[in-house]
Novice: 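Dropping the structure in here first, questions after.
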Amino acid sequence: MSQSLTEVYLHIVFSTKHREKIIHEDIENELYDYIGGICRTLKCNPVRIGGEQDHIHILCMLSKNIAIAKLVEEVKKSSSKWIKGKNQKYNKFYWQDGYGGFSVHVSQVDEISQYILNQKEHHKRFNYQQEFLAILKKLNVEYNPKYIWD
């Protein structure tokens, strides 16, 4: 085959440092748009971006030319720098060190997109830590509880 063809959907989840509730409503949509721009620049077209005050979900198509770790590194680095420059109250904004990155079958893209869209409603019942552990359990992802939270 003379060309490389891929269609890989990815659900990325990570929190603010120490799950600090710092992503306020006055900045969240602009932040999500900015992160969407980073994804597009890296040819990882976003499907849905959303979250809550202490974490973010990104559903995107992974480019054939970038590793997941590099995508997340660029999103975190650029968005952190951007948000710190928006307002003095964000001077101490940081993302957590780690992340979750999960493959999404094409048949589940709409379901995951809706899940991300409904984060505010979802988090009336569950906090970020409960949500993340539920995702890991549902996908049978092994992890060491000693290192999961920063």
Side-chain angles (χ1 to χ4, degrees), residues 6-84 86-87 90 92-145 147-150:
T6 64
E7 186 173 3
V8 178
Y9 289 93
L10 184 65
H11 180 195
I12 302 167
V13 185
F14 53 87
S15 74
T16 57
K17 190 77 166 176
H18 305 296
R19 292 157 312 284
E20 185 178 350
K21 294 184 181 291
I22 193 169
I23 304 172
H24 303 292
E25 286 185 5
D26 66 330
I27 194 84
E28 69 179 349
N29 288 330
E30 198 174 355
L31 173 64
Y32 302 156
D33 288 344
Y34 188 81
I35 289 172
I38 297 166
C39 292
R40 279 187 290 281
T41 298
L42 297 170
K43 308 290 189 250
C44 295
N45 294 327
V47 176
R48 175 83 62 201
I49 300 173
E52 263 295 292
Q53 291 183 326
D54 61 351
H55 71 282
I56 190 163
H57 293 258
I58 302 167
L59 175 61
C60 66
M61 290 189 72
L62 183 64
S63 167
K64 65 184 177 198
N65 297 318
I66 192 166
I68 297 169
K70 185 64 175 173
L71 169 61
V72 174
E73 175 188 346
E74 289 299 319
V75 165
K76 286 182 176 182
K77 180 177 66 173
S78 296
S79 64
S80 181
K81 183 178 179 181
W82 173 83
I83 200 168
K84 287 176 182 177
K86 289 301 286 180
N87 187 310
Y90 296 111
K92 295 184 188 255
F93 181 93
Y94 295 96
W95 294 113
Q96 75 172 97
D97 290 334
Y99 65 93
F102 312 105
S103 61
V104 175
H105 189 273
V106 67
S107 67
Q108 296 175 309
V109 169
D110 288 340
E111 176 186 341
I112 300 298
S113 180
Q114 279 301 120
Y115 177 80
I116 294 170
L117 185 64
N118 293 322
Q119 281 290 290
K120 297 225 182 292
E121 190 63 34
H122 177 75
H123 285 288
K124 290 179 181 176
R125 297 181 312 255
F126 304 100
N127 68 29
Y128 168 71
Q129 289 170 294
Q130 292 167 321
E131 174 188 45
F132 192 73
L133 290 174
I135 291 170
L136 296 178
K137 183 177 180 179
K138 180 179 180 180
L139 299 175
N140 294 314
V141 176
E142 291 184 29
Y143 65 94
N144 185 334
Y147 300 110
I148 196 158
W149 312 118
D150 58 358

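All residue numbers in this chain count up from 1 along the given sequence.
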Novice: Of the options L139, I116, I58, which is the one that meets H11 in a side chain to side chain contact (heavy atoms under 4.5 Å, CB included)?
Specialist: I116
Novice: Taking all non-hydrogen atoms of both residues, which atom of L71 and which atom of L42 are closest, and how far apart?
Specialist: CD1-CD1, 3.8 Å
Novice: Please check this pair: side chain of Y32 against backbone of G51, looking for a donor-acceptor N/O pair closer than 3.5 Å.
Specialist: yes
Novice: Is the closest basic N to carboxylate O distance between K124 and E121 below 4.0 Å?
Specialist: yes
Novice: May I have the step-by-step check of side-chain contact (heavy atoms from CB on, under 4.5 Å) for Y128 and W149, ending in yes or no?
Specialist: CA-CA 11 Å; Y128 168 71; W149 312 118; 3.8 Å; yes
Novice: Can you give me the closest heavy-atom contact between D97 and K17, atom names plus distance?
Specialist: OD2-NZ, 3.5 Å
Novice: Do S113 side-chain atoms and V109 backbone N/O form a donor-acceptor pair below 3.5 Å?
Specialist: no
Novice: If we ignore hydrogens and angles and just use 3.5 Å, is the side chain of H105 paired with the main-chain N or O of Q108 as donor and acceptor?
Specialist: no
Novice: Checking Q96 side chain against S15 main chain: does a donor-acceptor pair fall under 3.5 Å?
Specialist: yes
Novice: Take V8 and S103 through the test side-chain contact (heavy atoms from CB on, under 4.5 Å) and record every step on the way to the result.
Specialist: CA-CA 7 Å; V8 178; S103 61; 5.5 Å; no
Novice: Considering all heavy atoms of both residues, which atom of Y90 and which atom of I83 are nearest to each other, and what is their separation?
Specialist: CB-O, 3.4 Å
Novice: Would you say the side chain of I49 lies within less than 4.5 Å of the side chain of Y34, judging by non-hydrogen atoms?
Specialist: no
Novice: Could you state the interatomic distance from CD1 (I112) to CG (L10), rounded to the nearest 0.5 Å?
Specialist: 11.0 Å
Novice: Is any side-chain N of the basic residue among E52 and K21 closer than 4.0 Å to the acidic one's carboxylate O?
Specialist: no
Novice: Just verifying a value: how many Å separate C44 SG and I68 CD1, rounded to the nearest 0.5 Å?
Specialist: 9.5 Å
Novice: What is the distance from atom CG of D54 to atom NE2 of H18, rounded to the nearest 0.5 Å?
Specialist: 13.0 Å
Novice: Out of curiosity, K76 NZ to I12 CD1, how far, rounded to the nearest 0.5 Å?
Specialist: 10.0 Å
Novice: Taking atom types as modelled, is there a side-chain donor on E131 or Y115 under 3.5 Å from an acceptor on the other?
Specialist: yes
Novice: Between atom CZ of F14 and atom CZ of R19, what is the distance when rounded to the nearest 0.5 Å?
Specialist: 15.0 Å
Novice: Is there side-chain contact between S79 and L31, with at least one heavy-atom pair below 4.5 Å?
Specialist: yes
Novice: Listed by chain and number, what are the ring-ring contact (aromatic ring centres under 6.0 Å, His included) partners of F93, not counting sequence neighbours?
Specialist: W95
Novice: For K120, look at atom NZ and say whether over 12 heavy atoms of other residues, nucleotides or ligands are found less than 6.0 Å away.
Specialist: yes
Novice: Does the ring centre of H57 sit less than 6.0 Å away from the ring centre of H122?
Specialist: no
Novice: Answer yes or no: is there a donor N or O on one side and an acceptor on the other, between the side chain of Q130 and the main chain of N127, under 3.5 Å?
Specialist: yes
Novice: Does K84 make a cation-pi contact with Y94 (under 6.0 Å, within 45 degrees of the axis)?
Specialist: yes
Novice: Which atom names give the shortest non-hydrogen contact between P46 and C60, and what distance separates them?
Specialist: CA-CB, 3.8 Å
Novice: Answer yes or no: is there a donor N or O on one side and an acceptor on the other, between the side chain of H24 and the main chain of D26, under 3.5 Å?
Specialist: no
Novice: About how many Å separate CD1 of I35 and CH2 of W82, when rounded to the nearest 0.5 Å?
Specialist: 8.5 Å
Novice: Given side chains that start at C-beta, do those of L133 and I148 come closer than 4.5 Å, heavy atoms only?
Specialist: yes
Novice: If you define the side chain from C-beta out and look only at heavy atoms, does anything of K86 sit under 4.5 Å from I27?
Specialist: yes
Novice: Taking N65's backbone N and O only, do any of them form a donor-acceptor pair with S63's side chain (distance below 3.5 Å, no angle check)?
Specialist: yes
Novice: Between the side chains of E7 and Y9, does any donor sit under 3.5 Å from an acceptor?
Specialist: yes
Novice: For a 4.5 angstrom cut-off between non-hydrogen side-chain atoms, does Y99 reach V13?
Specialist: no
Novice: Quick one: are Q114 and E111 in side-chain contact, heavy atoms under 4.5 Å?
Specialist: no
Novice: For Q119 and H55: C-alpha separation, side-chain torsions, deciding distance, then whether side-chain contact (heavy atoms from CB on, under 4.5 Å) applies.
Specialist: CA-CA 10 Å; Q119 281 290 290; H55 71 282; 2.9 Å; yes
